[in-house]
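FYI, the numbering just counts along the sequence from 1. For ligands, and for the atoms within them, numbers begin at 1 and follow the listed sequence.
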Amino acid sequence: MYTLNGTFTQETNFYGDNDVFNLVEQYGSPLYVYNENILRTRCREMKNLVSYENFVPHYSIKANTNIHLLKIVREEGLHADVMSPGEIFLALESGYTSDELFFIPNNVTKEDMLYAIERGVTTSVDSLAQLKLYGQLNAGGKVAIRFNTGIGAGHHEKVVTAGKKTKFGVSPDTIDEVKKLLETYNLTLVGINQHIGSLFMDATPYIQSLESILSIAREFDDLEFIDLGGGFGIPYHKQDGENRLDIQALGQKLDEVLHAFAASYGKKVQFQIEPGRYIVCESSAVLGHVTSMKSNGATNYLGCDIGFNIIQRPIMYDSHHDIELYAQTEKSSDLSPYTVVGNICESGDILAKDRLLPTAETGDLIALLDAGAYGYSMASCYNQRFRPAEVLIEANGHTRLIRKRDTFEDLIRNML
Ligand SMILES: *Cc1c(COP(=O)(O)O)cnc(C)c1O
């Protein structure tokens, strides 16, 4: 096998001793491949981010909910953030216990809340109306609140989750009303949380946002934890030499702030963060077949079997994924611009526009890198394409199937 473009999978020994052609033959194409070593490395970086003792990173499982990956993340000592009853269910199935979960939903129904309450999962509410509902369902209980401190950040408008233009969080202007509701329902506010947005590569807004959330924390005496949010970015443009987020510098700044807060608050309150992407993203590549090369007008197309049902990020957020190509025989690695498209019947089914790539041919393989976060978890069977299998390259180099590919039966499973 010859890698025609890029060095990431070679440098990281991503596929172990496995030949990618064998992998897709054995497990089907397209195929999500995960690397256990990379996943564990990222978990450890988050776990060791600060020296502050009472620090617990929570993996935001919406990024990827495969229970075999969740087991690994749990082994590494991370707790989990969940957004829905389905995510609570999957986390519990993977071996997490209720006290290791934090439920951070948005606009949930009474049934959703009850699902968490009945399982003893600490819940954060994100509006006064939801606080009231929670109080009615669990008077005398413990609750957390997500605040919107007005500072947002992120790589795309759709992933900025704080600030005046987003639907998330309780405004700090309403703290008096919050206090009244807590009193009415005899609720103890045990935690506050925020999440300013996703994929920051510069930690400045994250650090700046801390002062606001900590000043809200000072309004409440019984806090057990403060959750600072996720959004830690990863370098999607590795092939262009993009730098990693400097987590050492981030950790140092964070550490200072946490220690200073604990000293002024009078107790070593638990601090949490909630990275999703950072944990799983780089541990996966999605493999597919090059199915046709053609030109329409001035545009050269590289067609493949990875449609936007397999990975939605490029069409949803205009996201960039580095692309590697693999061939069975050596060929030229000269680059020309290609628009990379999938097999879904929509003209928007574009994975990359005018990307400089070597000239591939039918039968070669294509890999989209950094596909582990919001990849499979957003996959669908649109066009009645099967959702792909997921395979793990274990630390010992062996492959393990961790999710089967869909079958025709899956397409009619719920149809009456
Ligand atoms: C999605 C989400 C996260 C994780 O975001 P990443 O960008 O994947 O780190 C964390 N917290 C909340 C509340 C979220 O909605």
| Atom of Ser283, atom of Phe14 and distance for their closest heavy-atom approach | O-CZ, 3.4 Å
| message | Do Arg119 and Tyr115 form a cation-pi contact, if we require the NZ or CZ to be under 6.0 Å from the six-membered ring centre and within 45 degrees of the ring's axis? | response | yes
| task | Mind checking side-chain contact (heavy atoms from CB on, under 4.5 Å) for Ser333 and listing every partner two or more places apart, or none if nothing turns up? | result | none
| task | Just jot down the ligand 1 atoms closer than 4.0 angstrom to any heavy atom of Ser60, in number order. | result | 2 (C), 3 (C), 4 (C), 10 (C)
| task | Check whether any N or O atom of Ile104, backbone or side chain, sits under 3.5 Å from an N or O atom of ligand 1, and answer yes or no. | result | no
| query | In terms of ring plane angle, is the pair Phe232 and Phe200 parallel, tilted or perpendicular, where the classes change at 30° and 60°? | reply | tilted
| task | Could you establish whether Gly229 and ligand 1 come within less than 4.0 Å of each other, counting only heavy atoms on the residue side? | result | no
| query | Do other residues, nucleotides or ligands put more than 12 heavy atoms under 6.0 Å from Asp17 CG? | reply | no
| Taking N or O atoms only and a 3.5 Å limit, does Glu274 qualify as a polar contact for ligand 1? | yes
| said: Checking contacts here: is it the side chain or the backbone of Tyr374 that comes within 4.0 Å of ligand 1, counting heavy atoms only? Could be both or neither. | reply: side chain
| request: Give the atoms of ligand 1, by number and element, whose distance to some non-hydrogen atom of Arg146 is under 4.0 Å. | output: 13 (C)
| request: Check each heavy atom of Pro275 against ligand 1 and say whether those closer than 4.0 Å belong to the side chain, the backbone, both or neither. | output: backbone
| Taking only residues two or more places apart in sequence, or in another chain, which ones meet Asn138 in a side-chain hydrogen bond (donor to acceptor under 3.5 Å, both in side chains)? | Tyr134
| If you measure every N/O of Lys62 against every N/O of ligand 1, is any gap under 3.5 Å? | yes
| request: Measure from NZ or CZ of Lys404 to the centre of the six-membered ring of Phe386 and say whether it is under 6.0 Å with the direction within 45° of the ring axis. | output: no
| field | ligand 1 atoms in contact with Gly276 (distance to a heavy atom under 4.0 Å) | value | 4 (C), 6 (P), 8 (O), 9 (O)
| remark: Quick look: His195 vs ligand 1, heavy-atom contacts under 4.0 Å, and the answer is side chain
